[in-house]
Protein chains: 2
Amino acid sequence: MTTSQDNLSSTFSALADPTRRAILTRLASGEASVSELAKPMKMTMPAVTKHLKVLQRAGLIRQERKAQFRPCYLVAQPLKEASDWVEKYRRFWEQSLDRLDLYLRELQATENFQKAPKKPTEVKVKKGRKKK
Amino acid sequence: MTTSQDNLSSTFSALADPTRRAILTRLASGEASVSELAKPMKMTMPAVTKHLKVLQRAGLIRQERKAQFRPCYLVAQPLKEASDWVEKYRRFWEQSLDRLDLYLRELQATENFQKAPKKPTEVKVKKGRKKK
DNA sequence: CTGTTATTTTACCTTATAGTTAATTAACTA
DNA sequence: TAGTTAATTAACTATAAGGTAAAATAACAG
């Protein structure tokens, strides 16, 4: 596995670091130089440069040159793709359809049961039959 | 940096792998055992088990026990948080506000310019003043 | 009890990540 | 030209990730 990652993977991977998310958040309010981005961080400049490289490779930022500064700016396009992927699961978190309901539906379909739980939100239900 | 990651980080990190995204996609259509999940993958069972552990740690799946099977099911809650984070940038990709526009606004505010680009979508504009 | 199927654990390898310090490059300033 | 500021590159370290093969567990089926 060299350095070839699909877009989604490198986008999510870039977003998986708090420092990088902070950088994007900062850039949402306008471009910033590397040192401006580094200032609030508790790490050295080279570390920040590396994070910027990750963001660049993911296509989430670009850098231009202005005198001795390399201002970075946000490119949100990859975020749209990430968003599109995640949105496919919206119904699951919205309808609390998270497997519990699936389980209950299944149960309802295959067995006859009486007490329906009042608020079936993310509670783990153990299939009664533990040991024989 | 031990093994303590904030939720968002571990969620994005879990989503950063195509195999794991495929697993979630598969689980969106109902629970599946580990071997069912492993079948279409070109890797060994232990590798799949590891991916499942990553997904579990991120809270994206849970596993129950049914005889000798460990069916996995989706828990979409963390995806909502990921979605919420990404959505904050929606205006950037929707309005194509991606720094180019910011730059143009800024330019418009500080200088007087004449030719407005027709479709200012993600084109790199070089600040004219290269050398003095 | 023995075997079989499903899954995990262990031990190991390779490559990627995240960070450091020190040196280097780039462009302005005096 | 020399000095300063901004940022990157190089070299190095430590740890995490993703994978494998082989051994260990778990639970069912005879």
Side-chain angles (χ1 to χ4, degrees), chain A residues 1-6 9-23 27 31-58 61-73 126-132, chain B residues 1-6 9-23 27 31-58 60-73 126-127 129-132:
Chain A
M1 230 158 258
T2 338
T3 322
S4 61
Q5 292 239 68
D6 59 291
S9 294
S10 52
T11 301
F12 282 130
S13 188
L15 297 181
D17 186 283
T19 298
R20 289 192 291 261
R21 289 198 303 278
I23 289 173
L27 293 180
E31 74 174 35
S33 70
V34 179
S35 16
E36 283 171 335
L37 291 172
K39 207 169 304 166
M41 313 284 183
K42 45 172 189 248
M43 69 183 72
T44 59
M45 286 275 289
V48 173
T49 295
K50 281 193 182 181
H51 281 300
L52 294 178
K53 283 215 174 306
V54 173
L55 290 167
Q56 270 185 91
R57 271 183 263 125
I61 68 166
R62 292 197 195 152
Q63 267 178 293
E64 57 181 351
R65 303 188 83 116
K66 233 179 207 170
Q68 68 269 66
F69 301 89
R70 269 76 146 189
C72 303
Y73 59 95
K126 220 106 185 186
K127 203 99 170 192
R129 185 179 48 84
K130 187 92 200 198
K131 278 208 152 177
K132 198 203 12 219
Chain B
M1 231 156 260
T2 338
T3 321
S4 61
Q5 293 238 69
D6 58 292
S9 294
S10 51
T11 301
F12 281 130
S13 188
L15 297 181
D17 185 284
T19 299
R20 290 192 291 263
R21 289 197 304 277
I23 289 173
L27 293 180
E31 74 173 36
S33 70
V34 179
S35 15
E36 283 172 335
L37 291 172
K39 208 168 303 166
M41 313 285 183
K42 45 172 190 251
M43 66 183 72
T44 59
M45 286 275 291
V48 173
T49 295
K50 280 194 183 181
H51 283 300
L52 293 178
K53 284 215 175 306
V54 173
L55 290 167
Q56 271 185 90
R57 270 183 263 123
L60 286 162
I61 67 166
R62 292 198 195 152
Q63 268 177 294
E64 58 179 351
R65 303 187 84 116
K66 236 181 206 168
Q68 67 269 67
F69 302 89
R70 268 75 147 191
C72 303
Y73 58 95
K126 219 105 185 183
K127 202 101 170 193
R129 182 182 49 83
K130 188 89 203 201
K131 278 209 148 171
K132 191 180 47 204

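These figures come from a predicted structure and were not determined experimentally. Protein chains get the first letters and strands the later ones, always in sequence-line order, with residue 1 at the start of each.
- The 5' end of DNA chain C is approached more closely, in terms of each residue's nearest nucleotide, by M43(A) than by the other of A67(A) and M43(A).
- With respect to D6(B) and R21(A), a salt bridge is recorded, a charged nitrogen being found less than 4.0 Å from a carboxylate O.
- dT8(C) atom P lies 13 Å from atom CZ of R57(B), rounded to whole Å.
- We find that CZ of R20(A) is positioned 12 Å from C1' of dG19(C), with the value rounded to whole Å.
- As rounded to whole Å, 12 Å separates atom P of dG19(D) from atom CG of L52(B).
- Nucleic acid contact class of A47(B) (heavy atoms, under 4.0 Å, all strands): base.
- dG30(D) is paired with dC1(C) under the criterion used here, namely a Watson-Crick or G-U wobble arrangement in which both key atom distances are under 3.5 Å.
- In this structure, R70(A) places its CZ atom 11 Å from C1' of dT5(D), rounding to the nearest Å.
- Between Q63(B) and dT8(C) there is a side-chain polar atom (N or O) within less than 4.0 angstrom of OP1 or OP2.
- Using a 4.0 Å heavy-atom cutoff across all strands shown, M45(A) reaches at least one base atom of the nucleic acid.
- In terms of phosphate contacts, K42(B) brings no side-chain nitrogen or oxygen within less than 4.0 Å of OP1 or OP2 of dG19(D).
- Checking dG18(D), dT9(D), dT9(C) against every side-chain atom of V54(B), the shortest atom distance belongs to dG18(D).
- Residues M41(B) and H51(B) form no side-chain contact, since every pair of their non-hydrogen atoms from C-beta on lies 4.5 Å or further apart.
- We find that CZ of R65(B) is positioned 9 Å from P of dT8(C), with the value rounded to whole Å.
- Contact between the side-chain N/O atoms of S33(A) and the OP1/OP2 oxygens of dA6(D) is not found at any separation under 4.0 Å.
- Rounded to whole angstrom, the span from the NZ atom of K50(A) across to the P atom of dT21(C) amounts to 12 Å.
- The backbone N or O of A14(A) lies less than 3.5 Å from a partner atom in the side chain of R20(A), making a donor-acceptor pair.
- Contact annotation: H51(A) side-chain N/O to dT17(C) OP1/OP2 distance is not under 4.0 Å.
- The nearest whole Å value for the distance from the CD atom in Q68(A) to the P atom in dC28(C) is 6 Å.
- Projected onto DNA chain C by closest heavy-atom contact, S13(A) and P46(B) fall at different nucleotides, the more 5' of which corresponds to P46(B).
- Residue T44(B) has no polar side-chain atom (N or O) positioned under 4.0 Å from OP1 or OP2 of dG19(D).
- By the 4.5 Å heavy-atom criterion applied to side chains, L27(B) and L37(B) are counted as neighbours.
- Nucleotide dT8(D) holds its C1' atom 7 Å from the NZ atom of K53(A), rounded to whole Å.
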Quiz item: Do E31(A) and K66(A) pass the side chain to side chain contact (heavy atoms under 4.5 Å, CB included) test, and can you show the C-alpha distance, the side-chain angles, and the key distance before you say yes or no?
Solution: CA-CA 12 Å; E31(A) 74 174 35; K66(A) 233 179 207 170; 3.2 Å; yes
